[in-house]
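Okay, so here's the structure we're looking at.
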Amino acid sequence: LVPLKVIFHMAVKGTNVIPPPTATLPLLMDSVIQALAELEQKSPATEAGHIASMWLLSAQGSGAHNPLPRFLLEGQSLKTAKLAPPSLSPEFQGLIEEVARHGVQDGKEYGVVLAPDGSTVAVEPLLAGLEAGLQGHRVVNLPLDSTATFPDIGATVPDLKATSSAHKDTSADVNSADVGTLSPNVRDTDVDAEVTFLDVRPSSTGVQVTSPDVQASSPDTKAKSPTTVDSLLMVTLARDLGLHFLQGAQTESNSGLGTEGCWDQLSLPRTFTLLDPEASPLTMAFLNGALDGALLGDYLSKVPEPRPPLSHLLNQYYGAGVAGDPGLRSNFRRQNGAALTLTPNLTQQVWGTLILLQRLEPAHPQLQGMSQEQLAQVATHAAKEFTEAFLGCPAIHPRCRWGAAPYRGSPKPLKLPLGFLYIHHTYVPARPCTDFALCAANMRSMQRFHQDTQGWDDIGYSFVVGSDGYVYEGRGWHWVGAHTRGHNSRGFGVALIGNYTAELPSEAALRAVRDELPHCAVRAGLLQPDYALLGHRQLVRTDCPGDALFNMLRTWPRFNMNVKPRTARRASGRSKRRLPLMIPLATDLQ
């Protein structure tokens, strides 16, 4: 478990300058997991916490660009422990130094890795959440007035009873280090305040049991200010959300959250370039890492001991699912995160974190002179934007992520906002894709057919929805597609990968098409608020989107039942037999 601190504390060096890359390994989550596994293997179980912490503290130097991780996650005894750090291979040493610190500089994003699900993840907030989770949802008690002793830190006793199948012990026979060595009763004198770090093990005595304040959903001048803050949300999301929205008012449709980017290559990624060179540090990768850290930290705070090794936990989370639960994996971080970061609670957490930062850093340029009412307004806006503009939207892989070929010719811009969503199924590929590798391969296959066989400029669809939890960008929001002949400029064409003549897509895929994608499009001014939804067969002679899916569409609130389906032109047996394996049956898209 404890080699986490080795990597995590690398993220709090005393300079904001991004260090030059030193790693030779590809920037993959698998590489991070391998490095953790080596650290776990080389650290004795009884001393691993001190060894890992000392190894990193000796490498990081003094100072910190972010005081919260030190304030919450360090203990004085870890600084004075006379233990030798484990020795890593040069490759893993370089990797740890490169990915431990997140930053954005000159249009490039650093400290990020490519995960198996195709998402890019910032390592620093991920590890911060894991560390906070190991300490058991510790709660910071904020001062009630300016004369109060600041601050006191208590701890919640982890709930050892699982609330779902995801919260079972991952491996009952796994030997792991005593987590108690990570949270000794120590005093931190690095800040001008008295801080008691309490042991959070269930067997500890004298533990102050508290819970975060979640009283106000929309703080204003009459709302009660928070009295506690959960360290897990503080070090993953709350701090950065609060500071981001302190920088200035954001428009309703563009919060500045979640800028995507492209890797130089997907097989051996080394450089990540943001699609917006002026992006804020709250990129898609950062938010992914922060959510993953919060979710896994929450899991670790509840799972009984012996806790699984972190390398084992991450391997499951970025694979088939934690403890055999396919719902608890990175593909569904937004759905799971929505339950963990409910808006009222998140609002209080952001507000409380800004209060804490204001006390820790009185000279902070963004916080200096800010009143409680102003901090409350910032927190309300931040929580609302994160919930609606990020959690409420589907995760969309950009074209570069699935390996799209260039557009042929000059794309024709759409006149936004549009008034329709046209729903398709691909028919072929007939099998729903449930992982990134297969979905990306399907996207490339369909694009080749549309470009090389049909002679179109690009893949026809605006967006394509997999059964892996992701939406794949086709022609996107701004360019006329080739999906619904005679209607391409009036609506977005959205296809679900699979043949849905006799069966339905996954609930996650249906939710993306029915709720998330149109919600975000309306909010961003891309789709009219009174948009209508139509099946492909209502406008073109085709069986698309399949009988089962079309019957489902007819039950959705936005479905336009006034447009009657057109009779499909049936292909002859000979023409059907000649269809290539990966070619959609309906060739009348454009």
Side-chain angles (χ1 to χ4, degrees), residues 118 266 396-412 414 421-468 470-489 491-501 503 505 509 512-513 535-537 539-546 549-550 568-590:
L266 296 178
I396 302 177
H397 283 320
R399 291 169 59 88
C400 60
R401 198 65 50 80
W402 56 266
Y407 192 96
R408 296 177 182 174
S410 300
K412 181 180 179 181
L414 289 165
L421 279 183
Y422 306 132
I423 309 303
H424 304 250
H425 72 166
T426 62
Y427 190 84
V428 177
R431 182 165 61 95
C433 62
T434 56
D435 62 72
F436 171 69
L438 181 57
C439 291
N442 288 345
M443 291 294 294
R444 294 190 297 270
S445 176
M446 287 186 287
Q447 186 189 40
R448 284 194 301 270
F449 171 67
H450 288 177
Q451 288 184 321
D452 298 340
T453 303
Q454 297 295 86
W456 302 345
D457 294 333
D458 196 4
I459 188 171
Y461 308 115
S462 305
F463 295 95
V464 178
V465 181
S467 294
D468 62 336
Y470 288 97
V471 175
Y472 290 75
E473 181 187 20
R475 298 205 188 186
W477 296 118
H478 299 285
W479 309 115
V480 175
H483 45 76
T484 312
R485 184 187 294 274
H487 302 267
N488 291 315
S489 63
F492 298 106
V494 180
L496 294 97
I497 294 179
N499 174 6
Y500 299 111
T501 301
E503 59 184 36
V513 176
H536 188 200
R537 64 172 62 179
L539 301 171
V540 177
R541 295 183 185 277
T542 176
D543 289 329
C544 180
L549 178 54
F550 184 70
R569 291 191 300 263
R570 299 293 181 179
S572 67
R574 177 177 299 178
S575 63
K576 286 184 180 180
R577 286 194 298 270
R578 289 179 178 176
L579 285 172
L581 178 61
M582 295 295 285
I583 293 179
L585 179 63
T587 59
D588 53 359
L589 298 177
Q590 191 174 41

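Remember, predicted model here, so these are calculated numbers, not experimental data.
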Test side chain to side chain contact (heavy atoms under 4.5 Å, CB included) on Arg401 and Leu266; report intermediate values, then the result.
CA-CA 8 Å; Arg401 198 65 50 80; Leu266 296 178; 4.2 Å; yes
CA sep, side-chain torsions, deciding dist, call: Trp456, His450, ring-ring contact (aromatic ring centres under 6.0 Å, His included)
CA-CA 6 Å; Trp456 302 345; His450 288 177; 4.8 Å; yes
Show the numbers, then the answer: is there a side chain to side chain contact (heavy atoms under 4.5 Å, CB included) between Asp452 and Arg408?
CA-CA 11 Å; Asp452 298 340; Arg408 296 177 182 174; 2.8 Å; yes
Evaluate side chain to side chain contact (heavy atoms under 4.5 Å, CB included) for Val494 paired with Val465, printing each intermediate quantity in order.
CA-CA 7 Å; Val494 180; Val465 181; 3.8 Å; yes
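In this structure, the side chain of Arg399 engages the main chain of Gly474 through a donor-acceptor pair within 3.5 Å. Gln451 places a side-chain N or O within donor-acceptor distance of the main-chain N or O of Pro406, the cut-off being under 3.5 Å. Looking only at distances, a side-chain donor or acceptor of Gln447 sits under 3.5 Å from a matching main-chain atom of Ala405. The backbone N or O of Val540 lies less than 3.5 Å from no partner atom in the side chain of Arg485, so there is not a single donor-acceptor pair. Within the 3.5 Å criterion, the main-chain N or O of Asp458 finds a donor-acceptor partner in the side chain of Arg475. Side-chain atoms of Thr426 come within 3.5 Å of backbone N or O of Gly498 as a donor-acceptor pair.
At most 12 non-hydrogen atoms from other residues, nucleotides or ligands lie less than 6.0 angstrom from CZ of Arg431.
The two atoms that bring Leu414 and Phe492 nearest to each other are CD1-CE2, 3.7 Å, heavy atoms only. Residues Arg537 and Thr542 come closest through the heavy atom pair CB-O, 3.2 Å.
Between Leu549 and Pro505, some side-chain heavy-atom pair lies under the 4.5 Å cut-off.
Side-chain contact of His424 with Thr484: a donor-acceptor pair under 3.5 Å is present, judged by distance alone.
Annotation: Tyr422 is not in aromatic contact with His536 [ring centroid separation under 6.0 Å not met].
A distance of 7.5 Å separates CD1 in Ile497 from CG in Asp468, rounded to the nearest 0.5 Å. For the atom pair OH of Tyr472 and CE of Met443, the computed distance is 8.5 Å after rounding to the nearest 0.5 Å.
Across Phe550, Tyr500, Tyr427, a single residue satisfies side-chain contact (heavy atoms from CB on, under 4.5 Å) together with Pro545, and that is Phe550.
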